[in-house]
Amino acid sequence: MSDQKTRTELHELGEFKLIDVLTQDIKLTNSSTVKGVGDDAAVIDPLGKQVVVTTDYLLEGIHFDLIYHPLKHLGYKAIMVNLSDVYAMNARPTQVTTSIGVSKRFCVEDLQELYAGMLLACELHGVDLVGGDTTSSLTGLTLSVTAIGLANKDLITYRSGAKVNDLICVTGDLGSAYMGLQLLEREKKVFSGNPELQPKLEGYDYILERFLKPEARKQLIDLLEAAAIVPTSMIDISDGLSSEMLHICKSSGVGCRIYLENIPIDQVTHKMAAELNIDPLVAALNGGEDYELLFTVPIDKHDIIAAMDGAKIIGHITESSTGAMLVPPQGEEVALIAQGWNIL
Ligand code: ADP
Ligand code: MG
């Protein structure tokens, strides 16, 4: 791994010194953190709130490819995808634990890079890293992050609360992370065919960042709180709009209408999609890894959401008997399906 000048082998430090090195820069800032790294378990005071807990496992070769995923970005992403799940409950993340399985291929400096990314993500969201586990792995790198968050009981938002006539809303734009991944995969193939060739990534920073270094949508939770809006349902978009919308419909026992022309797609996503001959709508509907928030609100909140920075109304909730449908600008409605939906 690391091509930096210094390479400290893991065995030079041993497990306990390694844990010290990785956790020495941690500064606890959260009032609910009573004890962080250094005992058999962390201690957290929920401060009279409900606790949400979520965990994600990232395996090299399955969830990430270190050929194009810098370790610092990977650490950042591993934290962000968990914080995104906490925000999707309309809760505030407060602590994370981080467990790693590493082989001799990695050196201490590599893991410091990984932790620098993790700690940066934590800092941006006011989250304390309070523990973890360190083990050896014979093959690839494994990463497991658990995030803990707090919320008042009456604010927690489930997938199951969407009601007929609610507005369906989404943050940011969709399909960009998927297009970033397609670009990285294309360049990886070109590079493995001819290592002399330099990757052509200029002009595509936006979609590359969206894939390599996603951001959890704390801003929406802040804006909703400021507007005193509690969504009726919410989910984060990790597997594509179609699949997440169907989760809400199924859990809530409702149907939906999503207007195709309202689905937010960035210019760079359009450009890459044209170059790779992929329908950008397919990327938005089925691509995944956007980590945007999909949520529903009562229709009387229309004007507040319409004026809200970074949120867009894309449809409305219907009776379940009318199905979950996509509405094109012209022509027939198309049933929303989780995979393989094709506009043609
Ligand atoms: P135990 O043997 O009781 O599991 P460890 O020696 O594994 O204890 O861990 C000692 C302390 O260091 C604990 O507070 C644990 O949460 C923390 N820790 C261990 N590995 C990591 C890691 N990779 N990242 C962050 N904290 C860690
Ligand atoms: Mg342990």
Side-chain angles (χ1 to χ4, degrees), residues 1-2 4 6-47 51-64 66 69-86 92-150 213-214 216:
M1 285 306 300
S2 179
Q4 303 150 358
T6 351
R7 181 180 167 98
T8 313
E9 300 300 334
L10 295 174
H11 67 81
E12 292 178 48
L13 290 192
E15 181 187 343
F16 300 124
K17 190 79 186 79
L18 174 65
I19 296 172
D20 284 349
V21 166
L22 296 181
T23 59
Q24 65 194 359
D25 293 332
I26 293 175
K27 289 176 204 69
L28 300 178
T29 59
N30 232 295
S31 51
S32 59
T33 308
V34 180
K35 172 76 192 174
V37 169
D39 213 307
D40 296 309
V43 181
I44 292 161
D45 180 351
L47 304 167
V51 181
V52 306
V53 183
T54 175
T55 195
D56 262 303
Y57 210 168
L58 296 178
L59 302 179
E60 185 177 355
I62 305 283
H63 302 104
F64 58 89
L66 288 175
H69 217 138
L71 281 162
K72 188 169 178 185
H73 290 61
L74 182 66
Y76 188 92
K77 181 169 179 173
I79 298 292
M80 282 297 173
V81 304
N82 278 273
L83 303 188
S84 177
D85 280 322
V86 173
R92 305 274 179 180
T94 44
Q95 289 86 16
V96 290
T97 62
T98 53
S99 299
I100 52 175
V102 277
S103 69
K104 285 192 293 231
R105 188 154 61 95
F106 299 91
C107 65
V108 173
E109 289 74 16
D110 292 330
L111 300 181
Q112 285 181 295
E113 276 288 292
L114 182 76
Y115 268 67
M118 289 190 182
L119 289 175
L120 176 61
C122 287
E123 195 185 318
L124 288 173
H125 289 260
V127 168
D128 293 333
L129 199 162
V130 296
D133 201 19
T134 311
T135 176
S136 18
S137 140
L138 291 178
T139 54
L141 177 65
T142 64
L143 275 176
S144 171
V145 176
T146 298
I148 292 164
L150 303 179
K213 192 177 159 289

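We count ligands from 1, going down the list as the structure has it; atoms in each ligand are counted the same way.
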- Task: Answer with yes or no whether the side chains of Thr94 and Asp128 bring together a donor and an acceptor at under 3.5 Å.
- Result: no

- Message: With no hydrogens and no angle check, just 3.5 Å: does a side-chain donor-acceptor pair link Glu15 and Thr134?
- Response: no

Using a 4.0 Å heavy-atom cut-off, say whether [X] meets ligand 1 through its side chain, its backbone, both or neither.
{"X": "Ile19", "value": "side chain"}
{"X": "Leu129", "value": "side chain"}
{"X": "Leu22", "value": "neither"}

- Query: If hydrogens are left out, which of Val96, Asp39, Thr135, Leu18 has an atom nearest to atom 10 (C) of ligand 1, that is, the closest non-hydrogen atom?
  - Reply: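 That would be Asp39.
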
- Counting each atom of ligand 1 from 1 as listed, which ones have a heavy atom of Thr98 under 4.0 Å away? 22 (C), 23 (N), 24 (N), 25 (C)

- Note: ligand 1 atoms sitting under 4.0 Å from heavy atoms of Asp40 are 3 (O)

- At what distance, to the nearest 0.5 angstrom, does CD1 of Ile100 lie from OG of Ser136?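 Nearest 0.5 Å value for the CD1-OG distance: 10.5 Å.
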
- Task: Apply side chain to side chain contact (heavy atoms under 4.5 Å, CB included) to Leu114 and Thr98, showing your working.
- Result: CA-CA 11 Å; Leu114 182 76; Thr98 53; over 6 Å; no

- Task: Before giving the answer on side chain to side chain contact (heavy atoms under 4.5 Å, CB included), spell out for Leu150 and Val51 the whole-Å C-alpha distance, their side-chain angles and the decisive distance to 0.1 Å.
- Result: CA-CA 5 Å; Leu150 303 179; Val51 181; 3.9 Å; yes

- Is there any N or O on Thr134 that sits under 3.5 Å from an N or O of ligand 1? yes

- Query: So, is Gly38 polar-close to ligand 1, with some N/O to N/O distance under 3.5 Å?
  - Reply: yes

- Task: Identify the residue among Lys213, Met118, His69 that makes a side chain to side chain contact (heavy atoms under 4.5 Å, CB included) with Leu74.
- Result: His69

